[in-house]
Structure formats: structure tokens, C-alpha cells
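Input: a single structure, listed below in C-alpha cells.
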Amino acid sequence: MARAFLVLLVVAVAVPGLLAGADPLAADPLNALAPPGSEHWFGSDHLGRDVLSRVVYGARHSLSIGVAATGIAVAAGVLLGLAAGLSPTWVDEALARSFDVLSTLPELLFALLIIAIIGPGTGNVIFAIAVAQIPTYARVIRAQTFVVRRAGYVEQAVTFGRPRLRIVAGHVLPNVLAPIPVLATIGLGTAVIAASGLSFLGMGPQPPAAEWGAMLSEARNYLRVAWWAAFFPGVAITLTVVCLTVIGRRLQRRFEGRTP
């Protein structure tokens, strides 16, 4: 079920026209706040725009922000974690304490703080979420690096006099990346929530762009008369995060050698 929904999301991102034929930006004031029916399966919003189309096309914005932020966080976290695990003690201590301090802040709050400094916008939202997630990956990579650097095959490579860079690239790095797919899958769900939360506050893609968090923000004033305008984007966010978490937990059990 989780995999099927994620495949549906990929289709929505790649070719949204297959799932929704209406223009997500086309307003029809005469049909504003129309309830779900044969003409609008998910109803229409306060401007008469088709909610189904906006949910489908909104997947591209929400997931693109989440994937981009997670990719940046993983890359930076791996580099910083490796640097901490392979550096002299004083450098490692400085980086480790920085990771610990940053990890105490809730990711959404930390991202909101960064946005307050650099300003709103899609690119800034991606950067803010990425920076907020970096400590999570860096701490795990640092711990893995300490384990791998003491492994027999690494010590043997050092004994044979192989260059340090070659040892890191050929022996250390491939073996510290094992938990990253698990963390990144679950982290992607967290990034989607953060992206939707920041967009809800008006700091992400700006109207009339279809984005799940922005849709919730626009629909919050019409909950009493048009619950569907907020319900369906909220369901999309919830199902996306739940499915990503389920897949991540399955990967974690497989990584730990337990039966999926």
C-alpha cells in the first residue's frame, strides 16, 4: 500500500496531467467553494479552482522541496561527519558539540529561524530545511566513521602505505553510508512536513502556485463552509509522510537483519 501510494506520487510529480486534467491555476468564481461532485471530485476552492488538480500538481512543489533539502542535508552531513570522525581530537570535539547543540533545536523551528534571517522563497526554504537536518546525518556518519576507521581492512590498508585519500574514498566512505538510505527516507517525510509548514506560514512558494501547505493556508478561512479545500491537501501530506515512514522502518529492519 505504501509503495503504491509513493508510485502514485512519482506519477503526480512527473506527469500530473495523467491524474488531473484541469488547470490548477484556472479560476472559476461562479463555481467557488463547490462541494465534491462529478465536475470537481475534490470540490473547488474559494476561487473556483479544482482542488484535485491543485493537490496533484502541488505534489511537485512539496516533494521537490523535500527531496532537494534532503539531498543537500545528506551530502553536507556525510562530509561533516567524515571530517569529524577523521580529524584530530580538538576538531572532532568542536564539530561534535556543534552537532549536539543544533540537534537540540526542533528542525522546523530552526528552519524558521534561518528563514527569518535570509528571507522567504522556495530556494531559501530548501536551504533552511537542509541546514536544519544536517546535524542528524552528520552525527550518524561521525559514529559510523569511528567504527569503520578501526576495522581490520582499514588498518591493513594503512599498514600497506596506501594514500589517506584513497583509503577514505575506497574503504571508509562506502562503509559508513549504509544507514543513510534509512535516515534519508524518514528524513524526506520530515522535510515534506517542514516544507508544508513553512509554506503554510507564507514563506515557501507564493500564490497562486499549488503547494500543499499554501493550500491549507488559503483554505483555513473557509473550514466551516468548505472543509474539502483543506481536507484533501492535509490528507496528501499525511499519507506521504506515513508512507515514507513505513518504507523507512522497513529499510531499517532489513538493515538491522530483522525480518521485514
Mark yes or no for whether Ser196, through its side chain, and Trp212, through its backbone, hold a donor-acceptor pair below 3.5 Å. no
Kindly compute the distance separating CD (Glu107) from CD1 (Ile193), expressed to the nearest 0.5 Å. 10.0 Å
Do Leu201 and Ile115 come close enough that some side-chain heavy atom pair is under 4.5 Å? no
Which atom names give the shortest non-hydrogen contact between Ala14 and Arg60, and what distance separates them? O-NH2, 3.5 Å
Please round to the nearest 0.5 Å and tell me the distance separating atom CG of Leu9 and atom CG of Leu19. 9.5 Å
Working to the nearest 0.5 Å, report the span between CD1 of Ile65 and CD of Glu211. 5.5 Å
Can you see which heavy atom on Asn124 is nearest to which on Pro120, and at what distance? ND2-O, 3.3 Å
Taking all non-hydrogen atoms of both residues into account, name the closest pair between Gln133 and Ala73 and its distance. CB-CB, 3.7 Å
Determine, for Phe42 and Arg54, whether the Lys NZ or Arg CZ falls below 6.0 Å from the six-membered ring centre while staying within 45 degrees of the axis. no
Are Val56 and Phe232 connected, step by step, through hydrophobic side chains (Ile, Leu, Val, Met, Phe, Trp, Tyr) whose heavy atoms are closer than 4.5 Å? yes
Grouping ILVMFWY residues whenever side-chain heavy atoms fall under 4.5 Å, the cluster of Val91 otherwise contains Leu80, Trp90, Leu95, Phe99, Ile134
Which residue pairs pass the salt bridge (Lys or Arg N to Asp or Glu O under 4.0 Å) test with at least one member in residues 184-208, sequence neighbours excluded? none
In this structure, CZ of Phe231 is separated from CG of Leu223 (nearest 0.5 Å) by 12.0 Å
Who are the salt bridge (Lys or Arg N to Asp or Glu O under 4.0 Å) partners of Arg139, not counting sequence neighbours? Asp100
Same cluster or not: Ile118 versus Ile129, using hydrophobic residues (I, L, V, M, F, W, Y) connected whenever any side-chain heavy atoms lie under 4.5 Å apart? no
Rounded to the nearest 0.5 Å, what separation is found between the CG atom of Leu183 and the CG atom of Leu177? 11.0 Å
At their closest point, which heavy atom of Ser199 faces which heavy atom of Ala214, and how far apart are they? CB-N, 3.8 Å
Should Val11 and Leu6 be regarded as members of a common hydrophobic cluster, given that ILVMFWY residues are connected when their side-chain heavy atoms come within less than 4.5 Å of each other, either directly or indirectly? yes
Locate the shortest heavy-atom distance separating Leu188 from Gly66; write the atom from each residue and the value. CD1-C, 3.3 Å
For the residue pair Ile141 and Ile180, establish whether any side-chain heavy-atom pair is separated by less than 4.5 Å. yes
Nearest 0.5 angstrom please: Leu113 CG to Leu108 CG, how far? 11.5 Å
On the 0 to 90° scale, with breaks at 30° and 60°, tag the His46-Tyr222 ring pair as parallel, tilted or perpendicular. parallel
For Arg142, all residues meeting salt bridge (Lys or Arg N to Asp or Glu O under 4.0 Å), sequence neighbours excluded: Asp92
Sub-4.5 Å side-chain heavy-atom contact between Val51 and His40: no
Answer yes or no: is there a donor N or O on one side and an acceptor on the other, between the side chain of Asn31 and the main chain of Ala34, under 3.5 Å? no
By side-chain hydrogen bond (donor to acceptor under 3.5 Å, both in side chains) - contacts of Asn221 (at least two apart): none
Give me the one residue out of Val182, Ile186, Leu244 that meets side chain to side chain contact (heavy atoms under 4.5 Å, CB included) with Arg249. Ile186
Membership question, hydrophobic clusters at under 4.5 Å side-chain separation (ILVMFWY): are Phe200 and Leu47 in the same one? no
Quick check on Phe5: does its CZ atom have over 12 non-hydrogen neighbours (other residues, nucleotides or ligands) under 6.0 Å away? yes
According to a 4.5 Å side-chain heavy-atom criterion applied to Ile, Leu, Val, Met, Phe, Trp and Tyr, with indirect links allowed, do Trp227 and Leu239 form part of one hydrophobic cluster? yes
Should Met215 and Asp45 be marked as a side chain to side chain contact (heavy atoms under 4.5 Å, CB included) after you check the CA-CA gap, both sets of side-chain angles, and the distance that decides it? CA-CA 9 Å; Met215 291 176 66; Asp45 65 7; over 6 Å; no
Starting from Val101, walk the hydrophobic network (Ile, Leu, Val, Met, Phe, Trp, Tyr; side-chain heavy atoms closer than 4.5 Å) and list everyone else you reach, by chain and number. none
If you compare all heavy atoms of Leu198 against all heavy atoms of Val125, which two are closest, and at what distance to 0.1 Å? CD1-CG1, 3.9 Å
Side-chain contact test, heavy atoms from C-beta onward, threshold under 4.5 Å: evaluate it for Leu216 versus Ile237 and give yes or no. yes
Side-chain heavy-atom pair Val78, Tyr137 within 4.5 angstrom cut-off: no
Does the pair Arg49 and Glu218 meet the rule for a side chain to side chain contact (heavy atoms under 4.5 Å, CB included), with working shown? CA-CA 12 Å; Arg49 296 171 298 190; Glu218 292 180 342; 3.0 Å; yes
